[in-house]
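Step one of this worksheet: look at the structure below.
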There are 2 protein chains.
Amino acid sequence: MQKSIGDVSKEIGVSIHTLRYYEKIGLLPHITKDEGGRRRYEPKDIDRVRFIKRAKRMKFSLSEIHQLIRIETAELIDKPQAQKLISEKLQEVEQGLIDLMNLKKDLSGMLNACFKSGDNHDCPIIESIKDNKETP
Amino acid sequence: MQKSIGDVSKEIGVSIHTLRYYEKIGLLPHITKDEGGRRRYEPKDIDRVRFIKRAKRMKFSLSEIHQLIRIETAELIDKPQAQKLISEKLQEVEQGLIDLMNLKKDLSGMLNACFKSGDNHDCPIIESIKDNKETP
DNA sequence: ATACAACCTAGAGTTAACTCTAAGTCAAGA
DNA sequence: TCTTGACTTAGAGTTAACTCTAGGTTGTAT
């Protein structure tokens, strides 16, 4: 028997409200209902939810996630358009990696500089971070 | 002469509304005003704005940015607390790096698999992404 | 002196993404 | 059968982060 909304909610850690919301805005397909009118989630629906959750942790917006899903579900069969979307996304991701690596350097530098041996230096976080490469 | 709100807005690419908003919520200090009551931004204020913009691009929320700023401005002189905050932030950043590296692999894999030589395969984005390491 | 842009405040409006509520239905156990 | 908990819909409420508006003031160029 397929899983109920409560099962999916617990399994993945997304509230039942949010699951219905995702369905309403089209991020999930219309979930089939049993005789009593309750949602029954198929494995592929659950994969979709898992994917959404993961993409959200990467700070993609719901509309970006929607786009990614459309690529796969072939609602976007337009090859060039899909390719363009993916490469753009890839570039964003690469910029994000650079940003995070810089921040990581800054933060671990602060940990070393400010907290090494209980001694009171200044912790120039804004100074140290302000002059990294800028991309709008 | 110090810079006006319009100058700062153009220089950094943040609207004047947003600049006043950041000041209102305490993300920027009270900006000194000239005789006519207009804001005059000092270099350190502008550095702060630049920092906020950069942190936002890394998807930090305003309240997280606030915390980072408090570490520096020594409103948070409590050494252990600041250290805890920075290490937590560092861990988040490291997890973010892992996530983004996985996504980069997935996306460039898709580009290769789906668009290599004009041939129509399937593009299993959700499938390929769903089983990566999970962290809440 | 007058026009005009840039600024001021206070507060209303917007968007994304939930989150909750009310009022009712369904299913399983005592 | 009765109760209890999980579910249903429609719609209202919330939070973050802006974004805009109204109505007024200031500074500069002609």
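So that the names make sense, note that chain A is the first sequence line, chain B the second, and so on, each numbered from 1. We use all heavy atoms of the structure for the numbers below, so side chains are in, but hydrogens, waters and symmetry mates are not.
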message: Measuring to OP1 and OP2 of D:dA6, would you say a side-chain N or O of A:Ser4 lies under 4.0 angstrom away?
response: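 No, outside the criterion.
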
C:dC20 OP1/OP2 closer than 4.0 Å to side-chain N/O of A:Tyr21: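 It does not, given that no N or O in the side chain of A:Tyr21 lies less than 4.0 Å from OP1 or OP2 of C:dC20.
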
query: Quick one: on DNA chain C, does A:Tyr22 or A:Gly37 contact a more 5' nucleotide (nearest heavy atom)?
result: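 Of the two residues, A:Tyr22 wins.
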
Rounding to a whole Å, what distance do you find between [X]:[atom1] and [N]:[atom2]?
| X | N | atom1 | atom2 | result |
| --- | --- | --- | --- | --- |
| A:Glu23 | C:dA17 | CD | P | 18 Å |
| B:His66 | D:dA17 | NE2 | P | 11 Å |
| B:Asp34 | D:dT28 | CG | P | 10 Å |
| A:Arg20 | C:dC20 | CZ | P | 12 Å |
| B:Lys33 | C:dC7 | NZ | P | 13 Å |
| B:Lys59 | C:dA16 | NZ | P | 14 Å |
| A:Arg57 | C:dA17 | CZ | C1' | 18 Å |
| A:His17 | D:dA12 | NE2 | P | 17 Å |

Classify the nucleic acid contact of [X] as base, sugar-phosphate or nothing, counting any heavy atom under 4.0 Å across all strands shown.
| X | answer |
| --- | --- |
| A:Ser15 | nothing |
| B:Ile25 | nothing |
| A:Arg39 | sugar-phosphate |
| B:Ile5 | sugar-phosphate |

query: Is a donor-acceptor pair below 3.5 Å formed from side chain B:Arg38 to base D:dT26, judging by atom type as modelled?
result: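 Pair found.
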
- prompt: Yes or no on side-chain contact (heavy atoms from CB on, under 4.5 Å) for A:Leu62 and A:Tyr22, after CA distance, side-chain angles and deciding distance?
  reply: CA-CA 9 Å; A:Leu62 294 191; A:Tyr22 285 168; 3.8 Å; yes

- request: Please report the closest heavy-atom contact between A:Ile25 and A:His66, naming both atoms and the distance.
  value: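 That closest heavy-atom pairing would be O-NE2, 3.6 Å.
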
- prompt: Within the side chain of A:Lys53, is there an N or O that forms a donor-acceptor pair under 3.5 Å with the backbone of A:Val14?
  reply: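 Absent.
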
field: Of B:Lys24 and A:Lys10, the one whose closest DNA chain D nucleotide lies more 5'
entry: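 The answer here is A:Lys10.
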
Nucleotide nearest A:Thr18 when distance is taken to its side chain, options C:dA17, C:dT19, D:dC7: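 Taking heavy atoms from C-beta onward, the closest nucleotide is C:dT19.
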
Minimum side-chain heavy-atom gap B:Glu94-B:Leu90 below 4.5 Å: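 B:Glu94 reaches B:Leu90 side chain to side chain.
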
query: Any side-chain heavy atom of A:Asp7 within less than 4.5 Å of one from A:Ser4?
result: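 Side-chain contact under 4.5 Å: yes.
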
